[in-house]
Amino acid sequence: MKKIGLFYSFQTTRTAESAEKIAKEFGEDNIDKVDVMTMKFSDFENYEYMIFGTPTWFDGELPAYWDELLPAMESLTWKGRKIALFGLADQRLYPANFGDAVGIMAEFLEQFQAEIFGYTSIEGYQFMKSAANRDDKFSGLILDEDNQSELSDERIKNWVVQLKSEWSL
Ligand SMILES: Cc1cc2nc3c(=O)[nH]c(=O)nc-3n(C[C@H](O)[C@H](O)[C@H](O)COP(=O)(O)O)c2cc1C
């Protein structure tokens with residue numbers, strides 16, 4: 001299996017816990033976990049297959065550490081890179097910005113011809129609006145540990161099965 005780079009902040013709580021579960025599902029040997037707070041920028045160059053994890057913060061925004069990385073990320077070659085996104089979000093307190101960070105990240109990467117994999121159904125979530133919602137599919141996996149933690153393990157399992165198939169791993 002080709003190595004996957006799993007990028008997220010190790011200082012998060014739920015995003016980091018979810019990343020650990022995703023790594024376990026792929027098999028730890030198949031994944032490098034990369035801390036976006038301390039990584040070398042060149043770490044982005046090492047992988048064809050990449051997973052980015054981000055919570056949504058500040059009413060519909062990326063956390064500052066991702067936001068600050070994006071301008072430099074514009075200079076990388078994204079064409080041909082196979083990217084999947086997962087996001088932590090809260091549908092009860094933020095129904096008008098549910099998981100927006102995943103949508104923001106997908107749009108950013110697509111400008112540079114990255115291919116986004118791992119879309120998931122919006123069924124089973126209750127929200128009004130999400131930047132990650134495209135034709136009733138999220139542009140990644142959205143996990144709501146605040147309100148639906150009991151569903152997360154299965155959502156992660158299914159998503160990893162889906163990605164292995166979409167990526168032919
Ligand atoms: C100040 C603040 C703002 C938030 N804004 C949003 C938001 O706009 N949309 C959303 O879906 N969730 C929002 N959330 C919920 C978090 O994304 C959610 O609790 C997530 O599980 C946090 O993950 P973490 O522990 O990895 O930081 C917000 C949480 C906080 C504390």
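The analysis underlying the following values was restricted to heavy atoms, covering all of them including side chains, and did not include hydrogens, waters or symmetry mates. Counting starts at 1 for both ligands and their atoms, in listed order.
- With respect to atom 20 (C) of ligand 1, the closest heavy atom belonging to the protein is Leu88 CB, 3.6 Å.
- At least one N/O-N/O distance between Gly99 and ligand 1 falls below 3.5 Å.
- For the ring-ring contact (aromatic ring centres under 6.0 Å, His included) with Phe138, the qualifying choice from Phe127, Phe86, Tyr119 is Phe127, the only one to do so.
- Summary of contacts: the protein heavy atom closest to atom 21 (O) of ligand 1 is Arg14 CD, 3.3 Å.
- Within the 3.5 Å criterion, the main-chain N or O of Met73 finds a donor-acceptor partner in the side chain of Trp78.
- The protein heavy-atom contact nearest to atom 12 (N) of ligand 1 is Asp90 N, 3.3 Å.
- In this structure, the protein non-hydrogen atom closest to atom 8 (O) of ligand 1 is Gly60 N, 2.6 Å.
- For ligand 1, the atoms sitting less than 4.0 Å from at least one non-hydrogen atom of Phe98 are 11 (O), numbered in the order shown with element in parentheses.
- When the side chains of ILVMFWY residues are joined at heavy-atom separations under 4.5 Å, either directly or via intervening members, Leu69 and Met37 end up in a single hydrophobic cluster.
- Against a heavy-atom cut-off of under 4.0 Å, Phe58 is close to the following atoms of ligand 1: 3 (C), 4 (C), 5 (N).
- Looking at heavy atoms from C-beta onward, Arg81 lies out of side-chain contact with Phe112 at the 4.5 angstrom threshold.
- Asp144 places a side-chain N or O within 3.5 Å of a backbone atom of Asn147 that can act as its donor or acceptor partner.
- Protein heavy atom nearest atom 9 (N) of ligand 1, with residue, atom name and distance: Asn97 O, 2.9 Å.
- Looking only at distances, no side-chain donor or acceptor of Trp167 sits under 3.5 Å from a matching main-chain atom of Lys82.
- At the top of the distance list for atom 29 (C) of ligand 1, counting protein heavy atoms only, stands Tyr94 OH, 3.7 Å.
- The backbone N or O of Gln11 lies less than 3.5 Å from a partner atom in the side chain of Ser9, making a donor-acceptor pair.
- Distances below 4.0 Å separate heavy atoms of Asp146 from the following atoms of ligand 1: 18 (C), 19 (O), 21 (O).
- Short contacts between ligand 1 and Asp59, defined as distances under 4.0 Å to a heavy atom of the residue, involve ligand atoms 5 (N), 8 (O).
- Contact between Asp100 and ligand 1 is absent, with no heavy atom of the residue lying under 4.0 Å from the ligand.
- Both Leu141 and Phe26 are members of a single hydrophobic cluster when ILVMFWY side chains are connected at heavy-atom separations under 4.5 Å.
- Near Thr12, meaning under 4.0 Å from one of its heavy atoms, ligand 1 places the atoms 26 (O).
- Asp43 places a side-chain N or O within donor-acceptor distance of the main-chain N or O of Lys40, the cut-off being under 3.5 Å.
- Here the heavy atom of the protein found nearest to atom 16 (C) of ligand 1 is Thr56 O, 3.6 Å.
- Annotation: Pro55 places no N or O atom under 3.5 Å from an N or O atom of ligand 1; distance criterion only.
- Taking 4.5 Å as the limit, every side-chain heavy atom of Val36 sits out of range of all side-chain heavy atoms of Phe10.
- For atom 26 (O) of ligand 1, the nearest protein heavy atom (residue, atom name, distance) is Thr15 OG1, 2.6 Å.
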